[in-house]
Amino acid sequence: MRSIEHSWNVSPEEAEALQIKLAPKVRIEPIKGAVRSIAGVDCAYSDDDGTIICAAVLLEAESLKVIATACAEKDCGFPYIPGLLSFREAPAAIEAVSKLPEKADILMCEGHGISHPRGFGLACHVGLWLEIPTIGIAKNRLCGDCLPPDKHRGSRSKLICNGRIAGTVLRTQTGVKPIFVSAGHRITLKEAVHWALHCSCEARMPQPIRLAHQEASKHCK
DNA sequence: GCGACAG
DNA sequence: ATCTTGTCGC
């Protein structure tokens with residue numbers, strides 16, 4: 001239950017070691033309690049490259065109506081390295097989510113959860129740090145094998161990493177490229193897929209992620 | 001050595 | 001991530 005606080009000022013080697021150390025702390029389990037709100041968080045980068053702008057948006061779970069928005073701006077303290085994305089975006093994401101007026105029952109992060117080389121993607125890191133249920137929503141595959149799901153909305157296929165089902169390739173809109181859904185922390189894959197689909201009635205990406213993306217981009221210009 | 005590689 | 005409107009395809 002205790003927070004996993006650690007320094008973000010680490011080398012790529014130390015970052016990998018931290019992932020291996022923290023991965024066992026991730027809990028894949030059913031959500032406790034009712035889901036009344038869902039938040040989404042995403043980052044954007046300023047033109048002059050050097051600062052990262054992150055936005056968090058809190059929505060009412062059923063209606064998907066916006067309850068609140070929050071932003072955070074930080075200097076990029078880590079380069080983009082596949083597999084180490086959280087060391088670049090998590091600090092800003094955590095700050096933005098922390099600024100929301102109330103705690104979300106579920107948080108959706110732009111990136112992978114346990115469908116990661118070391119089972120510790122951005123969604124796991126943020127979820128573990130804040131100790132809240134998180135879902136990883138990625139536009140592309142990072143690791144593992146999968147087959148393309150059928151063309152209609154709701155179709156899905158397994159994403160297998162190291163012989164384990166680590167995620168779901170989910171078609172959120174008929175005829176549109178599927179997204180990669182995975183559990184981040186304190187949620188099951190089945191629940192993650194359910195909420196991802198529930199939030200994707202109007203577009204490929206779930207509404208919390210879409211709105212956070214728009215908000216972050218807006219604060220960049 | 002050659003590909004693959006979240007944002 | 002980001003450069004970027006209209007346009008080609010189903």
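These values consider heavy atoms only, across backbone and side chains, with no hydrogens, waters or symmetry-generated copies. By convention in this document, chain letters (A, B, ...) are assigned in the order of the sequence lines, proteins followed by strands, and residues within each chain are numbered from 1.
- The shortest distance between side-chain heavy atoms of A/I4 and A/H125 falls below 4.5 Å.
- A/F180 has its CZ atom 10 Å from the P atom of B/dG7, to the nearest Å.
- Proximity of a side-chain donor or acceptor of A/K158 to a complementary backbone N or O of A/T168 within less than 3.5 Å is not detected.
- Phosphate contact (OP1/OP2 of B/dC5, side-chain N/O of A/N140, threshold under 4.0 Å): absent.
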Output field dot_bracket for DNA chain B (Watson-Crick or G-U, both distances under 3.5 Å, | for other-strand pairs) contains .......
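- A/E29 places none of its side-chain heavy atoms less than 4.5 Å from the side chain of A/I187.
- Looking at heavy-atom distances under 4.0 Å, A/L122 makes contact with a base.
- The closest side-chain donor-acceptor pair between A/S115 and A/S182 falls under 3.5 angstrom.
- Using a 4.0 Å heavy-atom cutoff across all strands shown, A/G136 reaches no nucleic acid atom at all.
- Proximity note for A/H213 (side chain, C-beta onward) versus B/dG7, C/dA1, B/dC5: the nearest is C/dA1.
- Atom CG of A/L85 and atom P of B/dG7 are 8 Å apart (whole Å).
- Rounding to whole angstrom units, CG of residue A/D145 and C1' of B/dG3 are separated by 14 Å.
- With its ring centre under 5.5 Å from that of the base six-membered ring and a plane angle below 30°, A/Y80 counts as stacked on B/dG7.
- Donor-acceptor pairing under 3.5 Å is recorded for the side chains of A/Q19 and A/R118.
- Distance CG (A/D42) to P (B/dG7): 9 Å, rounded to an integer number of Å.
- Atom CE in A/M205 sits roughly 7 Å away from atom P in B/dG7 (whole-Å rounding).
- Look at CD on A/E110: it is 6 Å from P on B/dG7, rounded to the nearest Å.
- Following rounding to the nearest Å, A/D75 (CG) and C/dA1 (C1') show an atom-to-atom distance of 17 Å.
- A sub-4.0 Å separation between OP1 or OP2 of C/dA1 and a side-chain N or O of A/K139 is present.
- The shortest side-chain heavy-atom distance between A/E191 and A/P30 falls under the 4.5 Å cut-off.
- Although no hydrogens or angles enter the test, the distance criterion places no donor-acceptor pair under 3.5 Å between the side chain of A/H185 and the main chain of A/V126.
- Nucleic acid contact class of A/L84 (heavy atoms, under 4.0 Å, all strands): base.
- The phosphate of B/dC5 (OP1 or OP2) has a side-chain N or O of A/R141 nearer than 4.0 angstrom.
- Atom CG in A/L159 sits about 13 Å away from atom P in B/dA6, given to the nearest Å.
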